[in-house]
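Keep in mind that the numbers below use all heavy atoms, side chains included, and drop hydrogens, waters and symmetry copies.
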Amino acid sequence: MKLIVVTPAGREKYLRLLSHHVLKSPEVHEWHLWDNCRNEADRAYLQRLAASDPRCKIKTLPNADGTIDVIGRFFRFCDDADALYLRLDDDVVFLEEGFLPRFKARAMAEKGAALWYAPLIINNAVCNSLIKNLSRVLIEGPLTCQAMCPYSWAHAAFPEALHPVFIEAVRTNRLGDFRVPDREVRLGRFSINAIGFFGSDILEIGELFYPPGNDEEEWLSATLPAKLDRPGKVFGDLVAAHFSFFTQEQRLLQTNILDDYYALAGLPAPVYEKPVVRTRLKDRLRPWRKPRNRGPDYRISLPAGGAD
């Protein structure tokens, strides 16, 4: 069984880090880079990345311009019956050691039990809820088990608090504090930051598999599983980290969190333009007030003592 990683690509500042995690694994048969670049500088980097390793294959579609509307059409390239396809967002910034062979082994052992398989994803609203309620990590603050949680998805406050704690857990060999039991996902949307499908399932399902509109995530994670009565499944003992949603990106890029993930991988931080912090005059005059739209306050910590 081949492991083929597919990524809607790409933003250079994230892809440099993701390529480190993907291409260092001999388990990866191919990495399909779905060219959905927003500018020519990123597209030029995509070409250089593809030239760096023969396993990288660029897939193109007309009118792919960086918007999400086109991504569902790329699934037409997932047509190998002997492949396990693992879709990773370009801003997946961490895969734990041995992640790719372990994901493949776990998915193959569960083949037929679910339609799709995902790891426990740091900064994924459904997984955030699993971490709060089932792991040993201590989280104070509101969360809901909805893909577009009005607290943890809609604002940067939660990932701004979570990412540093997770990075510290990796540094101190405490990923075990984050792990949770496996859980099925039924009748609810799941953000598909990292999600695997078997090519044989795609071909067996046929045309019904492919997203009919511009919302691939709703179709693949919720609607299609409901139609087929086949759930998705989260592997709670396999951990990946997703940097941000569009609702969070600007604020998170103002921090050093991305640089810290590069340091975690032993790589120099990339050169990128950090968004300018703009404070409204009203907020500057009333510094004791929490800025509008900042989101709830969170306190997140590891339990006392222990390591993996």
Counting only N and O atoms by type, is there a donor-acceptor contact under 3.5 Å from the side chain of [X] to the main-chain atoms of [Y]?
X      : Y      : value
Asp42  : Arg38  : no
Asp237 : Arg179 : no
Ser25  : Val22  : no
Asn124 : Ser191 : yes
Asn36  : Val70  : no
Gln248 : Phe245 : yes

Check: Can Asp91 and Ser244 be said to form a side chain to side chain contact (heavy atoms under 4.5 Å, CB included), step by step?
Finding: CA-CA 7 Å; Asp91 64 340; Ser244 72; 3.9 Å; yes
Check: Near Arg299 CZ, under 6.0 Å, is it more than 12 heavy atoms from other residues, nucleotides or ligands?
Finding: no
Notebook entry, point to check: Within a reach of under 6.0 Å around NZ of Lys227, are more than 12 heavy atoms found that belong to other residues, nucleotides or ligands?
Noted result: no
Checklist line | Verdict with reasoning, Glu217 to Arg189, per side chain to side chain contact (heavy atoms under 4.5 Å, CB included) | finding: CA-CA 7 Å; Glu217 186 170 271; Arg189 183 175 178 134; 2.9 Å; yes
Going from [atom1] on [X] to [atom2] on [Y], what distance comes out if it is rounded to the nearest 0.5 angstrom?
X      : Y      : atom1 : atom2 : value
Leu187 : Asp229 : CG    : CG    : 8.5 Å
Ile202 : Phe209 : CD1   : CZ    : 4.0 Å
Asn173 : Arg171 : CG    : CZ    : 14.0 Å
Ile71  : Asn214 : CD1   : CG    : 10.5 Å
Ile167 : Leu264 : CD1   : CG    : 6.5 Å
Leu120 : Leu175 : CG    : CG    : 10.0 Å

Could you check if a side-chain atom of [X] sits within less than 4.5 angstrom of a side-chain atom of [Y], using non-hydrogen atoms only?
X      : Y      : result
Arg136 : Arg174 : no
Ser135 : Leu130 : no
Leu61  : Phe77  : yes
Val165 : Ser301 : no
Thr255 : Glu160 : yes
Leu86  : Leu88  : yes
Pro212 : Trp219 : yes
Phe166 : Asn123 : no

Could you tell me whether [X] and [Y] make a salt bridge, using a distance below 4.0 angstrom between a side-chain N and a carboxylate O?
X      : Y      : value
Glu110 : Lys233 : yes
Glu12  : Arg43  : no
Lys13  : Asp259 : no
Arg76  : Glu207 : yes
Arg102 : Glu97  : no

Answer yes if [X] and [Y] sit in the same cluster of Ile, Leu, Val, Met, Phe, Trp and Tyr residues linked by side chain heavy atoms under 4.5 Å apart, and no otherwise.
X      : Y      : result
Ile122 : Val234 : yes
Tyr85  : Leu115 : yes
Leu134 : Val239 : yes
Phe243 : Val170 : yes
Met1   : Phe197 : no

Next item on the list: Begin from the C-alpha positions of Val93 and His242 and carry the test side chain to side chain contact (heavy atoms under 4.5 Å, CB included) through to its verdict.
Entry: CA-CA 6 Å; Val93 289; His242 164 245; over 6 Å; no
Check: Looking at the rings of Tyr298 and Phe158, which for Trp means the six-membered one, are their centres under 6.0 Å apart?
Finding: yes
Checklist line | Phe94-Phe99 aromatic ring centre distance below 6.0 Å | finding: no
Residues 142-153 side chain polar contacts: donor-acceptor under 3.5 Å, at least two apart:
residue : atom : partner : partner atom : Å
Thr144  : OG1  : Gln146  : NE2          : 3.1
Ser152  : OG   : Asn128  : ND2          : 3.4

Within the 3.5 Å criterion, strictly below it, is a donor on [X] or [Y] matched to an acceptor on the partner's side chain?
X      : Y      : value
Tyr261 : His163 : yes
Ser200 : Lys111 : yes
Ser221 : Trp116 : no

Margin query: The test is salt bridge (charged side-chain N to carboxylate O under 4.0 Å, His left out); show your working for Glu184 and Arg230 and say whether it passes.
Written below: CA-CA 10 Å; Glu184 289 186 352; Arg230 294 178 63 182; over 6 Å; no
Please give me the minimum heavy-atom distance between [X] and [Y], naming the atom from each residue.
X      : Y      : answer
Asp90  : Pro8   : CB-O, 3.6 Å
Ala9   : Leu46  : CB-CD1, 3.6 Å
Gly295 : His155 : CA-CG, 3.5 Å
Ile4   : Ala83  : CD1-CB, 3.8 Å
Arg16  : Leu267 : O-CD1, 4.4 Å
Asp182 : Gly236 : OD1-N, 2.9 Å

Check: Could you walk me through whether Tyr272 and Leu253 pass the side chain to side chain contact (heavy atoms under 4.5 Å, CB included) check?
Finding: CA-CA 9 Å; Tyr272 62 95; Leu253 285 175; 3.8 Å; yes
Notebook entry, point to check: Which is it for Glu30 and Lys2 under the salt bridge (charged side-chain N to carboxylate O under 4.0 Å, His left out) test, yes or no, and what are the steps along the way?
Noted result: CA-CA 8 Å; Glu30 290 181 346; Lys2 308 167 190 171; over 6 Å; no
Item checked: Name of the residue among Asn193, Ile195, Ile192, Ile121 meeting side chain to side chain contact (heavy atoms under 4.5 Å, CB included) with Asp89 -> Asn193
Check: After noting the C-alpha distance and the side-chain angles of Glu216 and Arg87, does the key distance pass the salt bridge (charged side-chain N to carboxylate O under 4.0 Å, His left out) rule?
Finding: CA-CA 12 Å; Glu216 42 131 12; Arg87 178 203 188 281; 3.0 Å; yes
Notebook entry, point to check: Relative to each other, are the rings of Phe235 and Tyr117 parallel, tilted or perpendicular (30° and 60° limits)?
Noted result: parallel
Check: Which pairs with one or both residues in residues 55-75 pass salt bridge (Lys or Arg N to Asp or Glu O under 4.0 Å), sequence neighbours excluded?
Finding: Asp53-Arg55
